[in-house]
Amino acid sequence: MKRNYARAMCPINRDGVEGAAKPVRKQDVKMNIDFLGNNRDYAVLPFIVAAILAALWRYDPIVAWLDFRGLAPWGAVNALMLTAYAITVMFATHGLVCCYQKELAPLKIQSGQKYLVRCPHIADRAIFAISTSLLYAFMPHGTKASSALHYAGHWFALAIVWDAYFFVVHGAFHANKSLYRFFHKVHHTHKDPNCFSAYFISYGSHLLTEQLFLFGASLFTPSDVLVHSLYFGTVTAHFSHSGYELTKVKLPFTNVAVGSFFPTLPGFGQSAAHHDIHHEKFFNNYALNFTLLDKLIGTEQKGRVPGDQEVREPSVAIFTKHAMSRGDSATDIPSFVELKHASRSEVQLVADMYQKDLDANLLNRVLNMLKDQDKPALMLGTQVTLYEHGLQTATRAHRDGASEEMVVASLLHDVGEMHCPSNHGEIAASILRPFVSPETSWVLEQHEVFQMYYYAHKIGAEDDRHRREHPDLRSSPHWQACADFCEKWDQAAFDPDYDSLPLEFFVPMVRNILSREPFWWKKDHPKRGACGVTGIANGDEQSAAPVAA
């Protein structure tokens with residue numbers, strides 16, 4: 001949780017007297033098992049898959065065929081060792097990057113982005129994803145390569161076939177919006193990946209892109225080749241998602257790079273930059289190990305050279321480039337000075353550019369309203385900043401099982417506090433109204449009135465305390481929802497020692513809400529479709545700017 005620096009520099013006790021800082025409250029360090037409650041795919045699907053695999057190993061015809069081929073289950077001990085190894089490598093890679101950020105800076109691919117050091121919300125999902133490797137206990141195992149040449153041949157055959165399989169499945173995720181949202185959207189939450197991002201995935205994606213393939217491959221591939229590929233692939237997965245070209249790190253006392261030991265296809269090797277640009281730009285580079293298929297299909301995109309910064313295009317150049325991409329003439333740049341005189345193509349181009357800007361920037365603009373409140377001056381006589389108050393309110397709502405839209409409303413409910421204090425709820429409500437239910441927007445609108453119940457009488461404004469009982473408010477079907485919002489979360493969110501979740505945890509939720517069709521809750525709303533644009537039409541492609549640690 002973010003602490004305010006004023007308290008750190010000049011500790012003040014609860015009575016307002018300067019003195020020794022209060023001792024930190026001891027807490028047990030626990031893994032976030034709440035993850036399973038909020039992600040049913042990991043709570044249910046792996047157990048279903050395990051039950052199916054166990055049943056197959058009890059089906060006599062299958063067992064007889066596997067026995068004939070000399071195959072038996074790999075076993076729980078081996079699967080547990082692989083799982084422990086994969087988790088250890090993930091944290092070791094993250095630790096390496098954290099400890100040597102200064103030395104590794106020349107190898108940072110998106111050099112303008114700060115590496116995310118504290119990210120338990122990403123690590124939680126990655127740990128659970130890797131833990132499903134325990135299913136490999138049921139993987140057929142037994143045969144071994146007969147010679148070094150036989151081993152090498154099967155290694156490259158496995159790599160090439162898996163690369164082709166991954167290319168098709170991964171490409172399908174991106175080509176079909178429904179598949180993308182169901183299987184792959186989670187993985188693209190972070191445009192600047194880090195060492196935990198490789199397994200920041202849905203279980204459905206993990207099952208389709210890795211586990212199904214490897215169970216099939218285990219029937220025809222020497223077991224030592226398959227197992228070694230699993231162990232080696234774990235390292236390359238974390239390296240390719242680290243945000244750094246770690247394969248260029250030189251080994252101690254030598255001039256040999258780590259990547260020299262990574263087998264590849266000459267002329268078609270894939271670097272971390274190849275996959276990094278896929279996360280940053282969303283499209284292209286769909287293969288797993290090599291660039292061969294991307295080159296053949298025309299979906300290869302060169303990755304950044306570590307340290308390079310992206311040059312921002314002038315606005316006229318952007319309009320020209322966008323017009324050309326639509327097949328228009330480069331001269332089709334809007335020239336109207338009154339909207340009523342605009343041609344159809346000009347209006348369409350403006351609408352396209354408007355939508356493009358929303359896709360790229362709306363999420364950050366909304367979040368920046370909250371981040372701008374992270375200032376000691378905005379503690380305003382309390383022990384937390386308005387920024388921390390927003391995080392704490394949202395965290396309490398999330399932990400109480402509130403809906404996603406109510407959690408987002410809790411996060412942003414006070415972003416207008418310093419712009420229009422007496423009506424600040426309307427600011428957050430106006431921003432979110434197209435994307436949330438009427439109940440949630442009503443709660444945002446009226447919460448400052450309901451909050452007076454907790455403090456107005458203490459400053460001699462007894463009548464104001466009961467303004468929430470005004471007939472116009474009491475008659476609303478949303479009255480109780482607003483009362484609960486204030487009682488459970490808003491008025492309770494001023495504790496400087498509360499373990500609030502970081503802003504990064506809520507970013508996917510905010511993106512999801514802003515990706516909704518505006519005014520979805522009323523088909524004939526007069527503003528529905530206004531401006532010919534939506535919120536974030538392609539919310540999948542947008543990522544929030546990094547949040548300062």
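We use all heavy atoms of the structure for the numbers below, so side chains are in, but hydrogens, waters and symmetry mates are not.
- Formation of a donor-acceptor pair under 3.5 Å by the S223 side chain with backbone atoms of G142 is found in this model.
- Using bins of under 30°, 30° to 60° and over 60° for the plane-to-plane angle, the ring pair Y151/H228 lands in the tilted bin.
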Exercise for review: Could you walk me through whether H274 and S271 pass side-chain hydrogen bond (donor to acceptor under 3.5 Å, both in side chains), step by step?
Suggested key: CA-CA 5 Å; H274 273 89; S271 66; 3.1 Å; yes
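- Proximity of a side-chain donor or acceptor of S515 to a complementary backbone N or O of R511 within less than 3.5 Å is detected.
- Atoms NE2 and CZ, on H188 and F173 in that order, are 10.5 Å from each other to the nearest 0.5 Å.
- Using cut-offs of 30° and 60° for the angle between ring planes, the F167 and Y286 rings count as perpendicular.
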Review point. Between H206 and H187, does a side-chain hydrogen bond (donor to acceptor under 3.5 Å, both in side chains) hold up when you go through it step by step?
Key: CA-CA 10 Å; H206 191 40; H187 186 59; over 6 Å; no
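- The distance from atom CG of L104 to atom NZ of K248, rounded to the nearest 0.5 Å, is 13.0 Å.
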Exercise for review: Please lay out, stage by stage, how E405 and R516 fare under the test salt bridge (charged side-chain N to carboxylate O under 4.0 Å, His left out).
Suggested key: CA-CA 11 Å; E405 70 171 44; R516 288 177 172 178; 2.7 Å; yes
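- For the residue pair L432 and A409, the shortest heavy atom distance occurs at CD1-CA, 4.0 Å.
- The closest side-chain heavy-atom distance from D192 to K108 is below 4.5 Å.
- H279 approaches P193 most closely through the heavy-atom pair CB-CD, 4.0 Å.
- Note: F196 and H94 have tilted aromatic rings, judged against thresholds of 30 and 60 degrees for the angle between ring planes.
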Exercise for review: Take N361 and D357 through the side-chain hydrogen bond (donor to acceptor under 3.5 Å, both in side chains) test and state the conclusion after the steps.
Suggested key: CA-CA 6 Å; N361 300 310; D357 182 82; 2.8 Å; yes
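- The two residues E245 and A273 have their closest heavy-atom pair at OE2-N, 3.1 Å.
- Between Y42 and F128, the two ring planes are tilted [angle within 30° to 60°].
- Residues M509 and H398 have side chains in contact (heavy-atom distance under 4.5 Å, counting atoms from C-beta outward).
- Atom OH in Y136 sits 8.5 Å away from atom CG in L226 (nearest 0.5 Å).
- To the nearest 0.5 Å, the span separating CG on L53 from CZ on R58 amounts to 13.0 Å.
- Within 6.0 Å of the CZ atom in F213, the count of heavy atoms belonging to other residues, nucleotides or ligands exceeds 12.
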Practice item. Could you go through the side chain to side chain contact (heavy atoms under 4.5 Å, CB included) check for I127 and I87 one step at a time? Key: CA-CA 7 Å; I127 291 170; I87 293 174; 4.2 Å; yes
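- The backbone N or O of V63 lies less than 3.5 Å from no partner atom in the side chain of W57, so there is not a single donor-acceptor pair.
- Aromatic ring centres of Y199 and H241 lie farther apart than the 6.0 Å criterion allows.
- Rounded to the nearest 0.5 angstrom, Q392 CD and D497 CG are separated by 9.5 Å.
- Side-chain atoms of Q211 and Y203 form a donor-acceptor pair, as typed in the model, at a separation below 3.5 Å.
- A 4.5 Å side-chain heavy-atom check between L116 and E504 finds at least one atom pair inside the cut-off.
- A donor-acceptor pair under 3.5 Å is absent between the side-chain atoms of T221 and the main chain of S218, judged by distance alone.
- By the 30° and 60° cut-offs, the orientation of the rings of H174 relative to H278 is perpendicular.
- Taking all atoms of both residues into account, the shortest heavy-atom contact from P73 to A137 is CB-O, 3.5 Å.
- Surrounding OH of Y231 are more than 12 heavy atoms belonging to other residues, nucleotides or ligands, all under 6.0 Å away.
- Using a 4.5 Å heavy-atom cutoff, the side chains of R396 and V407 are not in contact.
- Donor-acceptor pairing under 3.5 Å is lacking for the side chains of N289 and Q270.
- Side-chain contact check for E300 versus N284: every heavy-atom pair is 4.5 Å or farther apart.
- Tested against V366, the residues L370, L362, N364 include a single side-chain contact (heavy atoms from CB on, under 4.5 Å) partner, L362.
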Practice item. Tell me, with the steps shown, if T299 and D294 meet side-chain hydrogen bond (donor to acceptor under 3.5 Å, both in side chains). Key: CA-CA 5 Å; T299 54; D294 281 307; 2.5 Å; yes
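- K371 is listed as a side-chain neighbour of N368, based on a closest heavy-atom distance under 4.5 Å.
- By the 30° and 60° cut-offs, the orientation of the rings of W65 relative to F220 is perpendicular.
- Listed for the S197 side chain is no donor-acceptor partner under 3.5 Å among the backbone atoms of F200.
- Minimum heavy-atom separation, W520 to P434: CD1-O, 3.8 Å.
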**Study point:** Steps toward side chain to side chain contact (heavy atoms under 4.5 Å, CB included) verdict (T395, F505)
**Key:** CA-CA 10 Å; T395 301; F505 178 85; over 6 Å; no
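- No donor-acceptor pair closer than 3.5 Å links the side chain of D41 to the backbone N or O of S202.
- With a 4.5 Å cut-off on side-chain heavy atoms, T440 and W521 do not count as touching.
- In this structure, D163 contributes its side chain and A287 its backbone to no donor-acceptor pair below 3.5 Å.
- Counting all heavy atoms, side chain and backbone alike, C195 lies closest to V97 at SG-CG2, 3.9 Å.
- Of the possible donor and acceptor atoms, none in the side chain of W162 sits under 3.5 Å from a partner among the backbone N and O of E210.
- A donor-acceptor contact shorter than 3.5 Å is absent between the side chain of W489 and the backbone of S410.
- Note that K185 lies outside the cation-pi zone of Y180, set by a 6.0 Å cut-off to the ring centre and a 45° limit from the axis.
- Taking the charged nitrogens against the carboxylate oxygens, D276 and K191 have no contact shorter than 4.0 Å, which rules out a salt bridge.
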Exercise for review: Evaluate side chain to side chain contact (heavy atoms under 4.5 Å, CB included) for L179 paired with H184, printing each intermediate quantity in order.
Suggested key: CA-CA 7 Å; L179 290 177; H184 200 51; over 6 Å; no
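- Ring centroids of F232 and W155 are separated by less than 6.0 Å, placing the two rings close together.
- At distances below 3.5 Å, not a single donor-acceptor pair connects side-chain atoms of N176 with backbone N or O atoms of A172.
- Side-chain contact check for F435 versus V408: every heavy-atom pair is 4.5 Å or farther apart.
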Review point. Is there a salt bridge (charged side-chain N to carboxylate O under 4.0 Å, His left out) between E280 and R304 once you walk through the steps?
Key: CA-CA 10 Å; E280 183 185 356; R304 287 182 182 276; 2.6 Å; yes
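- Expressed to the nearest 0.5 Å, how far CD1 of I122 lies from OG1 of T189 amounts to 8.5 Å.
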